[in-house]
Trainee: 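Sending over a structure as structure tokens; questions will come in a sec.
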Amino acid sequence: MTAFASLLALPRALVALWALLLCLAAIGSGVLGAVRKRFRHTVLALLLLAPAYFLWQVIFDLSLARRGGIIAAPVSLTLGALPWLEWLAALALLTLGTGALLGRNLRFDKIFLTPSAVKWYLDRLPCGICCWKENGRVLFSNVCMSRLCAALTGEPLLNGSHFREAITDGILTVEGRVWRFSCRDFPLDGETLYEMIATDITDEYAQTQALEREKAELVRLNRELGEYYLGMDEIIRRREILQAKVNIHDEMNRLMLSTTAAGPEDTAAMDRIFSLWEQNALLLCREAQERTDDKAADSLEKLAGALGLRLVWHGALPDALPERQRELFFSVAREAVVNAVKHAGAKTVTISFEETKGSLCCRFTNGGTPHPGPVAFTGGLANLSRLSAGQGATLSAETGEGFTLSLLFPKNQPSG
């Protein structure tokens, strides 16, 4: 079989190139192993580098000996006398070993958790991540956070503390997107580290804004419906009063015509007409009486008596108060009486008035159990508060030794 040294120059040159590439691959594997602190791979790379370099050096020695007429080293002559197939087998074995080691080093980041693998995956996250020490030195940051820092500060991310101070709000708009920045600190190896995460919340923010607008619209509709329902009773009452007045007016016209048409000699007809006149007069007196404050006050007294409560009046309701505000006053008074018994277990409710140049304040005070904490207007109080606001008045509550419900009417204001 042909010895390796007897081959032509071109095949020997190809083999030399093969050995040189094996040397480079072994050097690369050794460097990767050292960088990743896997020194076992570095040792294996050196063990593969030695024979590959030795074979390349033998080929180089044989080439110099043939060209210059010098005698090659004995080891080179011995190896050159070997059949070329044995050289091919040795290089094939070295290629398998070097290729396996190099492939394992290249796939190491995909198989094992390493700092470079972590950095590679962090750079592909859609959110920004940054971690720094207490002195501001950045330990790591991904591409997204570096881009956000450059957009917000106009400078590269070199100091985490400075970047944190530059973020004035937890939610910022950067490059047309909405980002939420959250920071936290945690101890590690006896020192405090700081972490910042930037999350893209553009879609969630848009949906939240839409929900806020819809909520505001629902609140407005609810308020309008509440005001509408509050006004329905008043509208129905006024319509009934108007209809009663129309009926009385028609009845009066009919009686006047009947009285004029009846002759004085028809005693039975005149008695019947006078009886109808008396009935209409009583109806008119009843209607006039229903619109007075005495009936409302009497109704309030009856309600308090039924609940076992005593009303103490300090003063009288001013006559200058318009009709709708008087109705509101008695509505609030009834609610104060009911709440005094229901929530405070009170036995007395004091009604007082304080009139100033610009306002009239009506106070309803009970000496029952004090209400713990702030008073929330719900149910009847909420409806009365809206009704008061519609008339330009203000309904408020005060807690102390007792419970005081205050209704403030501004003077020289339209009653609504």
Side-chain angles (χ1 to χ4, degrees), residues 227 230-231 233-234 237-238 241 285-416:
E227 294 174 354
L230 287 174
D233 293 340
E234 179 67 15
R237 190 183 71 85
R238 290 180 177 275
I241 292 174
C285 292
R286 182 182 177 186
E287 175 64 25
Q289 186 181 12
E290 286 181 351
R291 292 189 298 171
T292 62
D293 293 342
D294 294 337
K295 182 174 180 60
D298 183 59
S299 176
L300 183 61
E301 290 285 354
K302 289 181 180 180
L303 174 62
L307 296 176
L309 194 71
R310 186 170 65 92
L311 291 181
V312 179
W313 293 78
H314 289 177
L317 189 63
D319 297 333
L321 207 62
E323 180 184 355
R324 288 200 64 191
Q325 292 185 350
R326 290 174 178 272
E327 294 173 358
L328 176 61
F329 167 81
F330 284 107
S331 298
V332 174
R334 286 191 294 271
E335 186 69 21
V337 168
V338 172
N339 287 342
V341 176
K342 182 178 179 182
H343 299 294
K347 297 299 182 181
T348 304
V349 171
T350 302
I351 303 176
S352 60
F353 305 94
E354 181 181 353
E355 189 171 4
T356 63
K357 185 177 180 180
S359 64
L360 170 65
C361 185
C362 309
R363 292 188 176 90
F364 308 88
T365 305
N366 69 71
T369 304
H371 187 279
V375 179
F377 279 13
T378 58
L381 287 179
N383 294 333
L384 289 173
S385 178
R386 286 194 293 267
L387 189 59
S388 301
Q391 297 188 20
T394 303
L395 185 65
S396 60
E398 300 175 3
T399 57
E401 296 182 357
F403 178 80
T404 301
L405 193 64
S406 300
L407 180 62
L408 181 66
F409 290 110
K411 291 186 177 179
N412 300 324
Q413 294 288 336
S415 60

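Only a predicted model underlies this, so the values are computations on that prediction, with no experimental measurement involved.
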Trainee: Measuring from Glu354:CD to His314:NE2, what's the distance to the nearest 0.5 Å?
Mentor: 14.0 Å
Trainee: Do the side chains of Leu387 and Leu395 get nearer than 4.5 Å, heavy atoms only?
Mentor: no
Trainee: Report the residues that fulfil side chain to side chain donor-acceptor pair (under 3.5 Å) with Glu301, sequence neighbours left out, ordered by chain and then residue number.
Mentor: Trp313
Trainee: Show your reasoning for whether side chain to side chain contact (heavy atoms under 4.5 Å, CB included) applies to Leu407 and Leu384.
Mentor: CA-CA 10 Å; Leu407 180 62; Leu384 289 173; over 6 Å; no
Trainee: At their closest point, which heavy atom of Ser406 faces which heavy atom of Glu398, and how far apart are they?
Mentor: OG-OE2, 4.3 Å
Trainee: Any side-chain to backbone donor/acceptor pair from Arg326 onto Pro318? Under 3.5 Å, distance only.
Mentor: yes
Trainee: Tell me which one of Val349, Leu309, Thr348 satisfies side-chain contact (heavy atoms from CB on, under 4.5 Å) with Asn366.
Mentor: Val349
Trainee: Does Ser359 have any side-chain contact (heavy atoms from CB on, under 4.5 Å) partners at least two apart in sequence or in another chain, and if so, which?
Mentor: Thr356, Leu408
Trainee: Locate the shortest heavy-atom distance separating Ser388 from Leu328; write the atom from each residue and the value.
Mentor: OG-CD2, 3.7 Å
Trainee: Which atom pair, heavy atoms only, marks the closest approach of Phe353 to Gly315?
Mentor: CE1-O, 3.6 Å
Trainee: Report the distance from atom CZ of Phe403 to atom OG1 of Thr365, rounding to the nearest 0.5 Å.
Mentor: 9.5 Å
Trainee: Can Leu300 and Phe329 be said to form a side chain to side chain contact (heavy atoms under 4.5 Å, CB included), step by step?
Mentor: CA-CA 11 Å; Leu300 183 61; Phe329 167 81; 5.7 Å; no
Trainee: Among all residues two or more places apart in sequence or in another chain, which pass the salt bridge (charged side-chain N to carboxylate O under 4.0 Å, His left out) test with Arg334?
Mentor: none
Trainee: Roughly how far, to the nearest 0.5 Å, is CD of Gln325 from OG of Ser331?
Mentor: 12.5 Å
